[in-house]
**Student:** 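A single structure is presented below for examination.
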Amino acid sequence: MYNAIVIGGRCAGAAVGTHLARRGLRVLVVDRSRFPSDVLSTHFVWPHGASYLNRLGVLDQVRAVTPAHTSVTVVNDGIALRGSVPEELLRNQFRLLHDDDSGITQEYFSVRRHVLDKLLVDNAVRAGVEFREGYTVTELLRDEDGTVVGIRGRDGSEERAQVVIGADGRNSFVARALGLEKFDERPRCTFAYWSYFSGIPDAEAQIHRRGRLGMAMASTNDGRTMVLTWGPSEWAAQFRADVEGNFHRALGLISEQAAVTVAQARREERFYGTLDQAAFLRRLHGPGWLLVGDAESFKDQCTALGITHALRDAELAAEAVGRWLGGETDRDTAMAGYAAKRRSQTAAAYYDYVCTLAEMKPLRHDELQLFAILRGNQTEIDRFIATHVDVAPVSEFFDPSNVFLLNDTAKESSRGHEAFTDFEAAYREHQRNPFQRAEAEASR
């Protein structure tokens, strides 16, 4: 009899297992994969994600094989902002969520999943977790009241626990077995294609947006750089007709400089892609079960927060389960506390922010003006970056009073930025599908 069984042993699962084992609980983590192994992911970890890895004790191992940086460049229609996530805002967030701001770092990195997941699995085992790889769960065991009490594996084995935690991703077996409905679904999302290139020196991350297209570039393991492009899902079919050609075509439309850099580099791997990133929420907990990570809340990749949020949820869930099984409080109170933090007004506002970004509408004139006036105000640039990556509340930065204040104190206007030259014509052009035109021209 285990205290907890975790289904899924990657970022969320290995992390929640580690936290629970360190509380002295008997934990079994199972995963159908064998490690090290890769999984479809853009594998970017923001500073709060790196801080969670530090709290787990694996940050130094990640740093040893992965370039780390503290500044990031965000470019919207040619208007560049460069900054970092402020340490004090990071500390505020950890104190708010965990009453503990130890292990904070402002670093970020892009670490491949076959590297990160193996480090997390080994770390979990060192913490005392019993880890079974290559183990497929076929059934959740329930008692006569319907409470989940364990699992049955494909090999016929049965294991029982006080709680079963689903950390098994967006297509969660646990959620399907429990018949959990998705809610607040947001079908409008992005498609994304990416690959890995050599010959691009290690550099800070850059994120570009122009019209309805986006691209990102970040150094990762083995001297390679991940280059990612994305756009609205309704353009995906035309993009797929010529992935490599449209990948470079998109780069050229978004950033001429980035396109030249990538054209001079060498592609080392095939293209990876994802077409459906529709967001949703699920119930977080019930009798004998709990969900963490993408299993309970999935969002588009456009802010690259999947790993960071998985690590956050793992720690929050472990705190709740630990208090319950450690006798500090009853189960219902502990689970209500977990749900309150995961479904807070701030969390809901950020979910809406990501889903709105994922629609990839061309940026409006007033939105571009905001980016223009931010230039020359490093404190507010840093706060915008912190807001964009869910370290500071969306409602505070975009509050009208703050936007008016920024406008009143701006040191820079929209004058001189190409984005405002014949804005209406550019806005109309941004809404046309460039890959559809390329497809039509190719068929002539």
**Student:** Main chain of Asp168, side chain of Ser172: is a donor-acceptor contact present, judged purely on distance under 3.5 Å?
**Tutor:** no

**Student:** For Lys341, is there an ion pair with Glu315 - N to carboxylate O distance below 4.0 angstrom?
**Tutor:** no

**Student:** Within the distance-only criterion (no hydrogens, no angle test), does the side chain of Glu181 pair as donor or acceptor with the backbone N or O of Arg283 below 3.5 angstrom?
**Tutor:** no

**Student:** Would you call Lys361 and Glu367 a salt bridge, using N to O less than 4.0 angstrom?
**Tutor:** no

**Student:** Considering only NZ, NE, NH1 and NH2 on the basic side and carboxylate oxygens on the acidic side, decide whether Lys118 and Asp122 come within less than 4.0 Å.
**Tutor:** yes

**Student:** If you measure from the Lys or Arg side-chain nitrogens to the Asp or Glu carboxylate oxygens, is any gap between Glu158 and Arg152 under 4.0 Å?
**Tutor:** yes

**Student:** Assess whether a salt bridge exists between Arg112 and Glu269, defined as any Lys/Arg side-chain N lying under 4.0 Å from an Asp/Glu carboxylate O.
**Tutor:** yes

**Student:** Using ring centroids (six-membered ring only for Trp), state whether Phe239 and Phe435 fall under 6.0 Å.
**Tutor:** yes

**Student:** Check whether NZ of the Lys or CZ of the Arg Arg224 lies under 6.0 Å from the centre of the six-membered ring of Tyr196 and within 45 degrees of that ring's axis.
**Tutor:** no

**Student:** Below 4.0 angstrom, N of the basic side chain to O of the carboxylate: do Glu319 and Arg23 qualify?
**Tutor:** no

**Student:** Given 3.5 Å as the limit, does a donor-acceptor pair link the side chain of Asn54 with the main chain of Thr105, or not?
**Tutor:** no

**Student:** I'd like to check the ring pair (Phe, Tyr, Trp, His ring centres under 6.0 Å) partners of Tyr52; sequence neighbours left out, ordered by chain and number.
**Tutor:** Phe94, His98

**Student:** Within the side chain of Arg323, is there an N or O that forms a donor-acceptor pair under 3.5 Å with the backbone of Ala334?
**Tutor:** no

**Student:** Side-chain atoms of residues 385-398: list all donor-acceptor pairs with protein atoms under 3.5 Å, sequence neighbours left out, distances to 0.1 Å.
**Tutor:**
residue : atom : partner : partner atom : Å
Thr387  : OG1  : Arg383  : O            : 2.8
His388  : ND1  : Tyr353  : OH           : 2.8
Asp390  : OD2  : His309  : NE2          : 2.8

